[in-house]
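Numbers here simply count residues along the sequence, with the first being 1.
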Amino acid sequence: MIVWLASYPKSGNTLIRSMLAAYFFSKDGIYNFDLIKNIKQFPKTSLFEKMAINIRNEREIVKNYIAAQETFNKKNSIQFLKTHSYLFDIEGHRFTDLKNSLGVIYIVRDPRNVVTSWANFANISIEKAADKLINTTRMGGNIYSLDKNDQIIVYTGNWSSHYRSWKSFKYQDRYLLIKYEDLINNRDFIFKKILKFLYKLKNTKFIINQKKFKNVIETTDFHKMKEIEEQKGFFEGKVNLQTGKKIPFFNLGPKNDWKKLLNIETKKNIEEAFKKEMVELGYL
């Protein structure tokens, strides 16, 4: 069964995936970038190509989201999948269903910090990034896909609709909300909370491997991951097409502070657009 690691782009999904990959896909809990490849992304062009679906036909792709999940879903074990999609229902075609999905870990981040991180990653102005955050509901998959040739459309919704959509899993008691800020400030507690949630979904007794847990916390520290990227590169990173230089994936991290980076107008626009959700989450 699928456990979704869902988030709006640039909200901390990579950190959660890295921690889970180190804990579940290594012998000792020591992280390296190759481990994250064990947690795939959805949607992905290759899945639909294997089903002989025309990837240029968006309607056909949307119609076959659940069918695609059924082709690789392992019903008797947990399978993590990353997604930036919102939990949509487009013309009666849903993103997923409870026959394939066991639950969701939803990662959310203050949109005022999302926008500055997105601007850096996409190599656009903060103002343009803010406009996309508020008004854009879909994006080309090649922007965030591990595969640079992946052109599939990802239906994100805007920041608020994305957050609201995944809350439907909450009513099934299959939903865990993780605030990026809490993860950064209290990594031990939050990661243990995530593991407990997973064991609850599996309906098994919670047992923790203390050695692996300790190594995960130590080796997925933002500064260590940034250092590894500087030394060896990171396959999810991008290149500035104008300069040819690599854009750091691990850029500011915890130092990304909207108070120092946003102008008054951009801050106001974001807060007005997302006031209800930001108040609910404690960001306002």
Side-chain angles (χ1 to χ4, degrees), residues 3-23 36 39 80-87 103-121 129-130 133-134 144 156-201 213 216-217 220-223 225-226 249-262 267 270-284:
V3 173
W4 296 100
L5 308 179
S7 71
Y8 195 82
K10 308 310 295 179
S11 298
N13 202 310
T14 298
L15 178 54
I16 295 285
R17 284 185 295 140
S18 297
M19 297 175 81
L20 289 173
Y23 190 84
I36 204 172
I39 301 179
F80 299 113
L81 276 184
K82 165 202 171 182
T83 190
H84 287 317
S85 291
Y86 81 111
L87 196 62
V104 59
I105 298 170
Y106 188 84
I107 309 106
V108 69
R109 186 183 191 182
D110 190 323
R112 294 167 296 190
N113 281 331
V114 171
V115 75
T116 53
S117 182
W118 191 355
N120 171 74
F121 185 69
L133 201 73
I134 295 168
Y144 294 97
T156 59
N158 69 3
W159 181 85
S160 60
S161 62
H162 195 289
Y163 163 68
R164 291 195 309 271
S165 72
W166 282 97
K167 287 171 68 177
S168 62
F169 270 88
K170 187 175 183 178
Y171 307 114
Q172 305 292 333
D173 199 24
R174 301 186 186 190
Y175 174 88
L176 179 65
L177 175 68
I178 298 296
K179 291 173 69 175
Y180 172 81
E181 296 79 11
D182 293 340
L183 180 63
I184 293 298
N185 294 325
N186 198 349
R187 278 158 39 81
D188 292 57
F189 176 79
I190 296 300
F191 189 49
K192 189 172 291 185
K193 184 177 181 180
I194 291 171
L195 294 178
K196 285 181 178 179
F197 173 71
L198 293 172
Y199 276 84
K200 177 186 172 184
L201 288 179
F213 184 89
V216 169
I217 298 299
T220 57
D221 174 78
F222 175 83
H223 300 289
M225 293 170 74
K226 183 176 178 65
F249 187 92
F250 301 98
N251 187 37
L252 295 177
K255 293 182 179 179
N256 182 1
D257 186 356
W258 62 266
K259 299 182 187 72
K260 299 176 181 178
L261 299 171
L262 290 188
K267 170 182 172 294
I270 292 172
E271 291 176 352
E272 287 182 350
F274 306 136
K275 182 178 179 180
K276 180 180 178 181
E277 292 77 19
M278 291 180 72
V279 168
E280 180 180 317
L281 289 162
Y283 292 138
L284 286 179

Does the side chain of Asn113 reach to within under 4.5 Å of the side chain of Tyr283, using non-hydrogen atoms? no
Hey, what do you get for CG (Leu20) to CZ (Phe80), rounding to the nearest 0.5 Å? 4.5 Å
Where do Met278 and Glu271 come nearest, in terms of heavy atoms and distance? SD-CA, 4.0 Å
Strictly distance-based, threshold 3.5 Å: is any side-chain N or O of Asn13 a donor or acceptor partner for the main-chain N or O of Leu5? yes
CD1 on Ile270 to CG on Leu262, rounded to 0.5 Å: 5.5 Å
Trp118 versus Lys10, closest heavy-atom pair with distance: CA-CG, 3.9 Å
Spatial distance of atom CD1 (Ile16) from atom CD1 (Ile194) [nearest 0.5 Å]: 3.5 Å
Side chains of Phe274 and Ser160: closer than 4.5 Å at any heavy-atom pair? yes
How long is the gap from CG on Leu15 to CG on Leu183, to the nearest 0.5 Å? 4.5 Å
Give a yes or no on whether the backbone of Ala6 and the side-chain of His84 come within a donor-acceptor separation of less than 3.5 Å. no
Nearest non-hydrogen partners of Trp159 and Pro111, listed with the distance: CZ2-CD, 3.5 Å
Side-chain contact, heavy-atom cut-off 4.5 Å: Leu284 with Arg112? yes
State, with a plain yes or no, whether a side-chain heavy atom of Glu181 is found less than 4.5 Å away from one of Ile184. no
In His162, Lys170, Lys167, the residue satisfying side chain to side chain contact (heavy atoms under 4.5 Å, CB included) with Tyr106 is His162
Under 3.5 Å, side chain of Glu277 to main-chain N/O of Arg164, donor-acceptor pair present? no
Over 60° means perpendicular and under 30° means parallel, so tell me whether Tyr23 and Phe191 are parallel, tilted or perpendicular. perpendicular
Which atoms form the tightest heavy-atom contact between Pro9 and Val114, and what is the distance? O-CG1, 3.5 Å
With sequence neighbours left out, which residue pairs that include part of residues 184-194 fulfil the side chain to side chain donor-acceptor pair (under 3.5 Å) condition? Arg187-Thr220
If we ignore angles and hydrogens, is there a donor and acceptor under 3.5 Å between the side chains of Asn158 and Ser161? yes
With sequence neighbours excluded, residues passing side-chain contact (heavy atoms from CB on, under 4.5 Å) with Phe197: Ile105, Leu176, Leu201
Thr156 versus Tyr86, closest heavy-atom pair with distance: O-CB, 3.2 Å
Do the side chains of Leu281 and Tyr163 get nearer than 4.5 Å, heavy atoms only? yes
Closest heavy-atom contact between Ala130 and Val115? N-CG2, 3.1 Å
Rounded to the nearest 0.5 Å, how far does OH of Tyr180 lie from CD1 of Ile107? 11.5 Å
